[in-house]
Amino acid sequence: MAALHDVEMIPKLIEHLKDHDDDLVEHAHRALVAITGNDVGATHRQWSSWWEKNRARHRIEWLIDGLGHTDEKVRRHAGEELQRATQQYYGYHPGSPKRDRDLVAKRYRQWWDREGQRRFA
């Protein structure tokens, strides 16, 4: 599911976070991070809240948000996914200072507003 970036599977993955099987919970959590480019923790409550706030937004917007995540691994994944999905590159590096990462995120948001929404909607 994660490899396919199937956004429609997010509610099901969130439900799996309530499972008593730790391996299933871990796999569901990793899939959520892979699909969304964000990590809000490994609990049903955290992801349910995230989903309520973000389900109406496009995955590209989630990935742009992921560029500012506190975890460099999450930022790296979000940056790679964003570049792959959009074919746009603005010099993003997940280890750059926050100020530089914020500037790149701003460029992606401007691109999204100018042309990305039309291309992906």
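We count residues from 1, following the sequence as given.
Looking at Arg101, its side chain never comes within 3.5 Å of a backbone N or O of Gly68 through a donor-acceptor pair.
Under the 4.0 Å criterion applied to side-chain N and carboxylate O atoms, Arg118 and Glu115 are not assigned as salt-bridge partners. Ion pairing of Asp65 with Arg57 is present here, as a side-chain N (NZ or NE/NH1/NH2) and a carboxylate O approach within less than 4.0 Å.
The structure places CD of Glu81 at 4.5 Å from CZ of Arg59, a figure rounded to the nearest 0.5 Å. A distance of 11.5 Å separates NE2 of His44 from CG of Asp19, quoted to the nearest 0.5 Å.
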**Request:** Any chance you could lay out the side-chain contact (heavy atoms from CB on, under 4.5 Å) test for Lys73 and His77, step after step, and finish with the verdict?
**Result:** CA-CA 6 Å; Lys73 288 181 187 177; His77 169 72; over 6 Å; no

**Asked** Does the pair Trp50 and Thr36 meet the rule for a side-chain contact (heavy atoms from CB on, under 4.5 Å), with working shown?
**Response** CA-CA 10 Å; Trp50 182 91; Thr36 66; 3.5 Å; yes

**Request:** Under the side-chain contact (heavy atoms from CB on, under 4.5 Å) rule, what do Val33 and Trp47 come out as? Steps first, then yes or no, please.
**Result:** CA-CA 10 Å; Val33 173; Trp47 277 102; 4.3 Å; yes

**Prompt:** Hey, mind stepping through Lys12 and Glu15 against salt bridge (charged side-chain N to carboxylate O under 4.0 Å, His left out) and telling me if it holds?
**Reply:** CA-CA 5 Å; Lys12 182 75 125 173; Glu15 286 304 308; over 6 Å; no

**Message:** For Arg75 and Tyr92: C-alpha separation, side-chain torsions, deciding distance, then whether side-chain contact (heavy atoms from CB on, under 4.5 Å) applies.
**Reply:** CA-CA 10 Å; Arg75 292 193 307 262; Tyr92 181 77; 3.2 Å; yes

**Evaluation steps, side-chain hydrogen bond (donor to acceptor under 3.5 Å, both in side chains), between Asp39 and His29** = CA-CA 8 Å; Asp39 189 353; His29 177 236; 2.7 Å; yes

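Side-chain atoms of Leu13 and Trp51, non-hydrogen and from C-beta on, never get closer than 4.5 Å to each other. Here the side chains of Thr43 and Leu17 are not in contact, with every heavy-atom distance at 4.5 Å or above. Within the 4.5 Å cutoff, no side-chain heavy atoms of His27 are placed close to those of His16. The shortest distance between side-chain heavy atoms of Tyr108 and Leu63 does not fall below 4.5 Å.
Ile10 and Leu24 fall into different hydrophobic clusters, where Ile, Leu, Val, Met, Phe, Trp and Tyr side chains are chained together by heavy-atom contacts under 4.5 Å. Using a 4.5 Å cut-off between side-chain heavy atoms of Ile, Leu, Val, Met, Phe, Trp and Tyr, with links allowed through other members, Leu32 and Val7 fall into the same hydrophobic cluster. Taking hydrophobic clusters as Ile, Leu, Val, Met, Phe, Trp and Tyr residues chained together by side-chain heavy-atom distances below 4.5 Å, Leu67 does not share a cluster with Val40. At a threshold of 4.5 Å between side-chain heavy atoms, the hydrophobic network of Ile, Leu, Val, Met, Phe, Trp and Tyr places Phe120 and Tyr90 in one connected group. Cluster annotation: Trp62 and Trp112 are assigned to distinct hydrophobic clusters (Ile/Leu/Val/Met/Phe/Trp/Tyr, side-chain heavy-atom contacts under 4.5 Å, transitive).
Within a 6.0 Å sphere centred on CZ of Arg99, other residues, nucleotides and ligands contribute 12 heavy atoms or fewer. Around atom CG of Asp22, no more than 12 heavy atoms belonging to other residues, nucleotides or ligands sit under 6.0 Å away.
The shortest heavy-atom contact between Pro11 and Glu8 is CD-O, 3.5 Å. Minimum heavy-atom separation, Leu82 to Thr86: O-OG1, 2.6 Å.
Considering only residues two or more places apart in sequence or on other chains, Arg119 meets the side-chain hydrogen bond (donor to acceptor under 3.5 Å, both in side chains) condition with none of them.
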